[in-house]
Amino acid sequence: MCGITGWVSYNRDLHSEAAALDAMTETMACRGPDDRGTWIDGPAALGHRRLAIIDLMGGRQPMTVSTPEGTVGLVYSGETYNYTELRQQLTARGHRFTTDSDTEVVLRAYLEWGDALAERLNGMFAFAVWDGRDNKLVMIRDRLGIKPFYYYPTPDGVLFGSEPKAILANPMARPRVGLDGLREVFALVMTPGQAVWEGMHEVTPGTVVTVDRSGLRTRVYWQLETRPHPDDQAVTVASVRTLLDDIVRRQLVADVPRCTLLSGGLDSSAMTALAARQLAVQGEKVRSFAVDFVGQTDHFVPDGLRATPDTPFVHDVARLAGTDHHDIVLGSEALADPAVRAKVLRARDLPIGFGDMDSSLYLLFQAVREQSTVALSGESADEVFGGYQQFFDEEARRADTFPWLHMASRHIGTGTDVLRPDLAKSLELDAYIRDAYSTAVDGIVRLDGESDFEYRMRRICYLHLTRFVRALLDRKDRMSMAVGLEVRVPFCDHRLVEYVYNAPWSLKSFDGREKSLLREATADVIPRSVYDRVKSPYPSTQDPQYGLALQEQAKDLVARPDHPVFAVMDRERVDEAAHRELPASSQAARRSLERTLDLALWMDMYEPELILS
């Protein structure tokens, strides 16, 4: 896990731009606290910050190999879980290795197979190769988009980085945001390739982007495809378990302390239990960490999203699996702290947040990092196995829009009610969402004989796996890497995703409940309480003091009528939200305040040029 950045400029020798490369690289310091390196070769400049996970003494980057035709250099972020098998294949083909790192395996794999190495990798990765033999840059991102990756074309080349902040540190990149960027901020549709910042693009998951003197081109090496699923229920359940055992085994490999993130839900409990069983064979105990809020377990109030508090289930899992468990208990003062909000926004680069759920995740990861460097997470199991309420809500199923937006409007709000009316009219968010939805579902292949209901559920699963999951993966990556913690996501292994996606909905919910396949595949390792528990999302504080703190901060902001945030948010509406009676347990009531405060702080930090016409 690391931070990467770079610059290709065909009309100049970048040795004279070493200071700019250094500035770009240093924005990635949190992602890579263990080491730094830069490398310049004529028109190409590469920067790297390292979080050492495998081969702590070796694996320094940028990593280069000299060939008779030119030097090939690599900057790489992520983990390749099948690097041992690839290393054996490459050794058999005559390659010789000087380190034990997966980075060198990726570099040698590129020398052997070119950009076709992408199809051979199992893992989470974003990397760039400068191929001096052909004077081209090759950028490759993992299939699900676990690791972030951005680029910014210039008149004579390209800038790139793990995060927008690395690109924006270069004087050639202007921090501008137009209407489409603001639409992405407020719509939560995750348009592939959209980076919000004008002129900047996301390397789309499962894609290779190549830049040379003739321009830029892309190649899609992986996408979610419709295939027949011939297996019956028993075979499917067994296959899921076999895959999970292999995935967890691979993702436990590290030369640093490991742990699991445990919420007491089915996903994290299953993953923790499998990890504990595997490590027990080696005589090791799993460390597990859970987040909680002061007084929440004792005073929990059920709502439309959460029927039970997490902590009792967390402790059931920890006892059964025998983990070395730690509860990280947070107070509202920390969750509402503007300094924490600033760190969250700096990590995310954009005001696309989840309020206290972002702050608590950041603080959880900060505490975990004091004891571990690698954490396994249950993230994305809901998208893979069908765990959200919208999979079972008939209105959400039939709505011709993104299902999570239908549910958000009902439970947590969108925060758009405080937009300036004139800007809201210009944004035309409803039309933007309709167009995005139409594009997202276009081209989903329907199986011969697939019923209307099964096809509709396929579409819902597809949307979650190609759109919604990216928002959560980006959030997870940014919050964790901001404190130098590597979070791995076993449920995003592309083999599992492909297999379960093509299982019909009748199998995914064979017992009439969410995530039936996962529940049955891991029934032997999880407590009965977790087996019977209804899906509960990531927790949010119910302490009324949190909402009151937001209101006080909003009142201070309203007292500054010249603040640039009021070019986007309506000052009178924000003022009304800051003074209305705030229900203690209502997320929707806090959403507008959180979005306004995020946007204001983001404007203070990045000073973006807004193009509102």
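We number each residue from 1, following the sequence as shown.
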Legend entry - Leu144 and Trp222: CA distance, side-chain angles, deciding distance, side chain to side chain contact (heavy atoms under 4.5 Å, CB included) verdict: CA-CA 9 Å; Leu144 272 294; Trp222 184 88; 4.0 Å; yes

To the nearest 0.5 angstrom, please state how far the [atom1] atom of [X] sits from the [atom2] atom of [Y].
X	Y	atom1	atom2	result
Ile4	Met139	CD1	CE	9.5 Å
Glu85	Thr80	CD	OG1	11.0 Å
Ile433	Arg183	CD1	CZ	11.0 Å
Trp113	Arg93	CH2	CZ	5.5 Å

Inset, instruction - Would you please indicate if the ring centroids of His229 and Tyr499 are separated by under 6.0 Å? - result: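 So the answer is yes for these two rings.
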
Legend entry - is_close_aromatic(Tyr388, Phe468), centroid dist under 6.0 Å: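 Yes - the distance between ring centres of Tyr388 and Phe468 falls below the 6.0 Å cut-off.
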
Might you point out which heavy atoms bring [X] and [Y] nearest each other, and give the distance in Å?
X	Y	value
Asp474	Pro148	OD1-CB, 4.1 Å
Arg36	Asp22	NH2-OD1, 3.1 Å
Ile167	Ala173	O-CB, 3.4 Å
Ser509	Ser516	CA-OG, 3.2 Å
Glu498	Arg227	OE1-NH1, 3.9 Å
Ala166	Met24	O-CG, 3.3 Å

Inset, instruction - Check the pair Ser377 / Lys476 against side-chain hydrogen bond (donor to acceptor under 3.5 Å, both in side chains), numbers first and verdict last. - result: CA-CA 9 Å; Ser377 166; Lys476 182 82 72 179; 3.2 Å; yes

Inset, instruction - Find out whether the Lys NZ or Arg CZ of Arg87 is both under 6.0 angstrom from the six-membered ring centre of Phe97 and within 45° of the ring's axis. - result: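 Yes; both conditions hold, so Arg87 lies above the ring face of Phe97.
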
Legend entry - side chain to side chain contact (heavy atoms under 4.5 Å, CB included) between Phe127 and Leu117, worked out: CA-CA 12 Å; Phe127 62 90; Leu117 90 159; 4.1 Å; yes

For [Y], is there an ion pair with [X] - N to carboxylate O distance below 4.0 angstrom?
X	Y	answer
Arg277	Asp245	no
Arg456	Glu454	no
Arg495	Asp246	yes

Inset, instruction - Output yes when a side-chain donor or acceptor of Arg258 lies under 3.5 Å from a complementary backbone atom of Leu252, and no otherwise. - result: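 Pair found, side chain donor or acceptor close to backbone of Leu252.
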
Inset, instruction - Report yes or no: does Arg141 contribute a side-chain atom to a donor-acceptor pair with the main-chain N or O of Val203 at less than 3.5 Å? - result: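 Yes, because the side chain of Arg141 sits within donor-acceptor range (under 3.5 Å) of the backbone of Val203.
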
Inset, instruction - Tell me yes or no: between the side chains of Tyr81 and Asp102, is some donor less than 3.5 Å from an acceptor? - result: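 No, because no side-chain N or O of Tyr81 sits under 3.5 Å from a partner of the opposite role on Asp102.
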
Inset, instruction - Determine, stepwise, if the pair Glu104 / Tyr83 fulfils side-chain hydrogen bond (donor to acceptor under 3.5 Å, both in side chains). - result: CA-CA 9 Å; Glu104 188 177 11; Tyr83 80 98; over 6 Å; no

Inset, instruction - Check the pair Arg49 / Asp35 against salt bridge (charged side-chain N to carboxylate O under 4.0 Å, His left out), numbers first and verdict last. - result: CA-CA 6 Å; Arg49 291 289 315 211; Asp35 198 8; over 6 Å; no

Legend entry - Over 12 non-hydrogen atoms of neighbours within 6.0 angstrom of CZ in Arg60: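 Counting other residues, nucleotides and ligands, CZ of Arg60 stays at 12 neighbours or fewer.
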
Inset, instruction - Under the salt bridge (charged side-chain N to carboxylate O under 4.0 Å, His left out) rule, what do Asp493 and Arg250 come out as? Steps first, then yes or no, please. - result: CA-CA 10 Å; Asp493 186 291; Arg250 291 177 183 275; 6.0 Å; no

Inset, instruction - Using the side chain to side chain contact (heavy atoms under 4.5 Å, CB included) rule, take Lys515 and Asp382 through it: C-alpha gap first, then chi angles, then the decisive distance, then the call. - result: CA-CA 7 Å; Lys515 295 179 285 195; Asp382 287 306; 2.8 Å; yes

Inset, instruction - Verify side chain to side chain contact (heavy atoms under 4.5 Å, CB included) between Arg348 and Arg475, making sure each step is shown before the conclusion. - result: CA-CA 7 Å; Arg348 299 203 72 167; Arg475 169 178 175 257; 3.6 Å; yes

Inset, instruction - With His464 as reference, evaluate Phe402, Phe385, Tyr501, Phe391 under the ring pair (Phe, Tyr, Trp, His ring centres under 6.0 Å) test and give the passing residue. - result: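 In the set Phe402, Phe385, Tyr501, Phe391, the residue that makes a ring pair (Phe, Tyr, Trp, His ring centres under 6.0 Å) with His464 is Phe391.
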
Inset, instruction - Take Glu514 and Arg519, measure what salt bridge (charged side-chain N to carboxylate O under 4.0 Å, His left out) needs, and give me the verdict at the end. - result: CA-CA 9 Å; Glu514 75 277 4; Arg519 180 180 296 100; 3.7 Å; yes

Inset, instruction - Please step through side-chain hydrogen bond (donor to acceptor under 3.5 Å, both in side chains) for the pair Tyr152 and Asn170, ending with a clear verdict. - result: CA-CA 10 Å; Tyr152 187 101; Asn170 189 293; over 6 Å; no

Inset, instruction - May I have the step-by-step check of side-chain hydrogen bond (donor to acceptor under 3.5 Å, both in side chains) for Thr236 and Asp231, ending in yes or no? - result: CA-CA 6 Å; Thr236 301; Asp231 298 342; 4.8 Å; no

Inset, instruction - Any salt bridge (charged side-chain N to carboxylate O under 4.0 Å, His left out) involving residues 161-176? Give me the pairs, sequence neighbours left out, ordered by first then second residue. - result: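 Checked against salt bridge (charged side-chain N to carboxylate O under 4.0 Å, His left out) - neighbours excluded - the pairs reaching residues 161-176 are Arg31-Glu163, Glu163-Lys165, Lys165-Asp349, Arg174-Glu609, Arg176-Glu609.
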
